[in-house]
Amino acid sequence: MQFSLAHLSDLHLPPPAEALSMRSRNMKSFLAKLSWHRKRKRIHTWRPAAALLADIAAHAPDHIALTGDLTNFGEPAEFLAARRYLQQMGSPNDLSVVPGNHDVTIPLPWQDSLGQWRDWMCSDAKEAASGAEGFPFLRRRGDVAIIGVNSAVLTPIFYAGGAVGDAQRQRLADLLELTGRQGLFRIVLIHHPPTMSRGGRRKALRDRAALRDVLARHGAELVLSGHHHITRLAGVKGPVTAIPSLGVPAALASTVHPEWAGWHLHRIERTPAGWHLTSTLRRYNPISNVFEPAGDWRFTLPVRTDAMPW
């Protein structure tokens, strides 16, 4: 069995004109717009967009994972524009999305905000019902289980952290245990990484220790996140061996902030010796306007000993 997955994050899609008014719903939205006009509009641009889609298409991944921050201010017009972009990127069957902190900058009804992306953020029809607003969701693709966790919560100004919460963690534990016993390669998608990274507590996952405890008890084979706009590999304790936790640069960063745009291609192969995972960074070259390979990581991960035969 072989399976490939493209991971990208933090698109911060250039907002439509109707979302750019400085008349804002709260102070956090106002500050986000001020940051966009002063700085971010020169960082997250459409320039790498065509090259990004072309590079992903050239590698023909079996699935695409997008770990949040499609928007900048969380305005209704941005959710509609992002939905159109998702339709261009892939069908709901081929693309999975979890939200980021920028996507919940202001309180909005579900149907006017994240509900616009629900087709890309829901469990397969045959799976059991998920928790509040559909998280965590479970999607099975061959021998791979894709589990989407929502860490995006409303926060005060100057704070960009996240939280998973008790209900999601319990549901996640159940899903990891179920899919682990089925011998699946379990990929957890979450915007905020489960370990501390740049930005300190202000940007960290508030209940990261509790999330790591779930992973330590029930295991996973890969954790994918975004949020910090950097390429980052960390190990998270698992029941038997460390779980690779990979962060990815902002997908449309057309300047060094702090890295050029990038995405990761993960190739998963099941062998008698266990899971073999190769993760390759594809980084944007602004001179040639193409994405190029910029290093890879290779892992061999065990299959659970109590998994059902395959």
Side-chain angles (χ1 to χ4, degrees), residues 5 7-10 65-69 96-104 121 130-131 135-139 144-153 155 159-180 184-250 263-264 266 268 275 277 279 281 297 299 301-302 304:
L5 180 136
H7 173 217
L8 57 157
S9 192
D10 298 84
L66 208 171
T67 52
D69 276 3
S96 295
V97 177
V98 294
N101 56 290
H102 277 262
D103 304 322
V104 291
M121 298 194 305
S130 303
F135 295 102
F137 62 73
L138 169 61
R139 296 175 154 199
V144 172
I146 299 166
I147 303 173
V149 176
N150 181 13
S151 63
V153 293
T155 57
Y159 185 73
V164 174
D166 293 341
Q168 271 200 94
R169 286 198 308 274
Q170 182 56 59
R171 167 85 176 145
L172 175 62
D174 294 341
L175 291 177
L176 289 172
E177 190 62 28
L178 170 67
T179 52
L184 302 180
F185 186 98
R186 297 160 295 172
I187 303 174
V188 176
L189 309 181
I190 187 169
H191 182 67
H192 297 78
T195 55
M196 187 72 80
S197 186
R198 63 192 301 267
R201 291 188 173 212
R202 185 178 71 84
K203 289 191 173 185
L205 186 69
R206 201 160 55 228
D207 50 356
R208 59 192 178 278
L211 176 61
R212 291 199 304 270
D213 182 61
V214 170
L215 294 169
R217 285 185 287 114
H218 301 280
E221 282 60 57
L222 182 61
V223 178
L224 300 179
S225 63
H227 190 45
H228 295 293
H229 301 184
I230 57 173
T231 304
R232 182 173 184 265
L233 170 64
V236 177
K237 183 180 179 182
V240 178
T241 188
I243 302 165
S245 177
L246 281 161
V248 69
W263 65 282
H264 291 166
H266 302 283
I268 301 157
W275 296 108
L277 169 66
S279 301
L281 168 62
W297 304 270
F299 310 92
L301 304 162
R304 279 182 52 154

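Both backbone and side-chain heavy atoms feed into the values below; hydrogens, waters and symmetry mates do not.
Between Arg202 and Tyr159, the shortest heavy-atom contact is O-CD1, 3.2 Å. Closest of all the heavy-atom pairs between Arg206 and Ala163 is NH2-CB, 3.4 Å. Closest approach of Pro244 to Glu221, counting heavy atoms only: CD-O, 3.3 Å. Across Ser96 and Ile146, no two heavy atoms sit closer than the pair OG-CG2, 4.1 Å. Closest heavy-atom contact between Gly238 and Ile243: CA-CD1, 3.9 Å. Annotation for Phe185 and Leu277: closest pair CZ-CD2, 4.3 Å, computed over non-hydrogen atoms.
Residues Val164 and Val214 are not in side-chain contact: their nearest non-hydrogen atoms beyond the backbone lie 4.5 Å or more apart. Proximity of Ile268 to Ile187: side-chain heavy atoms (C-beta onward) are separated by under 4.5 Å at one or more points. Residues Val144 and Leu5 are not in side-chain contact: their nearest non-hydrogen atoms beyond the backbone lie 4.5 Å or more apart. With a 4.5 Å cut-off on side-chain heavy atoms, Thr241 and Pro302 count as touching. Side-chain contact between Ser9 and His227 is absent, with no heavy atoms from C-beta onward closer than 4.5 Å. Taking 4.5 Å as the limit, some side-chain heavy atom of Leu211 sits within range of a side-chain heavy atom of Leu172.
For Thr179, the side-chain hydrogen bond (donor to acceptor under 3.5 Å, both in side chains) criterion is met by no residue, not counting sequence neighbours. Partners of Arg169 by salt bridge (Lys or Arg N to Asp or Glu O under 4.0 Å), not counting sequence neighbours, listed by chain and number: Asp166, Asp207. Annotation: side-chain hydrogen bond (donor to acceptor under 3.5 Å, both in side chains) contacts of Arg232 (sequence neighbours excluded): Thr195, Ser197. Annotation: side-chain hydrogen bond (donor to acceptor under 3.5 Å, both in side chains) contacts of His7 (sequence neighbours excluded): Thr67. Taking the side-chain hydrogen bond (donor to acceptor under 3.5 Å, both in side chains) definition, one finds that Ser151 meets it with His192, sequence neighbours left out. With sequence neighbours left out, the salt bridge (Lys or Arg N to Asp or Glu O under 4.0 Å) criterion links Arg217 to Asp213.
Rounded to the nearest 0.5 angstrom, Arg139 CZ and Met121 CE are separated by 9.5 Å. Atom CD of Gln170 sits about 12.0 Å away from atom CD of Gln168, to the nearest 0.5 Å. For the atom pair Leu178 CG and Leu184 CG, the distance stands at 8.0 Å (nearest 0.5 Å). Separation of atoms CG (Leu138) and CG (Leu176) is listed at 9.5 Å; rounding is to 0.5 Å. From Leu224, atom CG reaches atom OG of Ser245 across 8.0 Å, with rounding to the nearest 0.5 Å. With rounding to the nearest 0.5 Å, the separation of CG in Leu233 from CZ in Phe299 is 4.5 Å.
Side-chain atoms of Arg212 come within 3.5 Å of backbone N or O of Pro194 as a donor-acceptor pair. Side-chain N or O atoms of His229 include none that pairs as donor or acceptor with a backbone N or O of Asp10 at under 3.5 Å. Under a 3.5 Å cut-off, the side chain of Arg198 and the backbone N or O of His228 do form a donor-acceptor pair. Checked by atom type and distance alone, the side chain of Arg186 pairs as donor or acceptor with a backbone atom of Gly219 at under 3.5 Å. Side-chain N or O atoms of Asp69 include one that pairs as donor or acceptor with a backbone N or O of His102 at under 3.5 Å.
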**OP:** Take Thr155 and Asn101, measure what side chain to side chain contact (heavy atoms under 4.5 Å, CB included) needs, and give me the verdict at the end.
**Re:** CA-CA 8 Å; Thr155 57; Asn101 56 290; 5.8 Å; no
Subject >> Stepwise side chain to side chain contact (heavy atoms under 4.5 Å, CB included) test for Phe135 and Arg171 >> reply: CA-CA 8 Å; Phe135 295 102; Arg171 167 85 176 145; over 6 Å; no
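Around CZ of Arg201, the count of heavy atoms belonging to other residues, nucleotides or ligands within 6.0 Å does not exceed 12.
Looking at Leu175, Asn150, Val98 one by one, the single match for side chain to side chain contact (heavy atoms under 4.5 Å, CB included) with Phe137 turns out to be Val98.
By the 30° and 60° cut-offs, the orientation of the rings of His266 relative to His264 is perpendicular.
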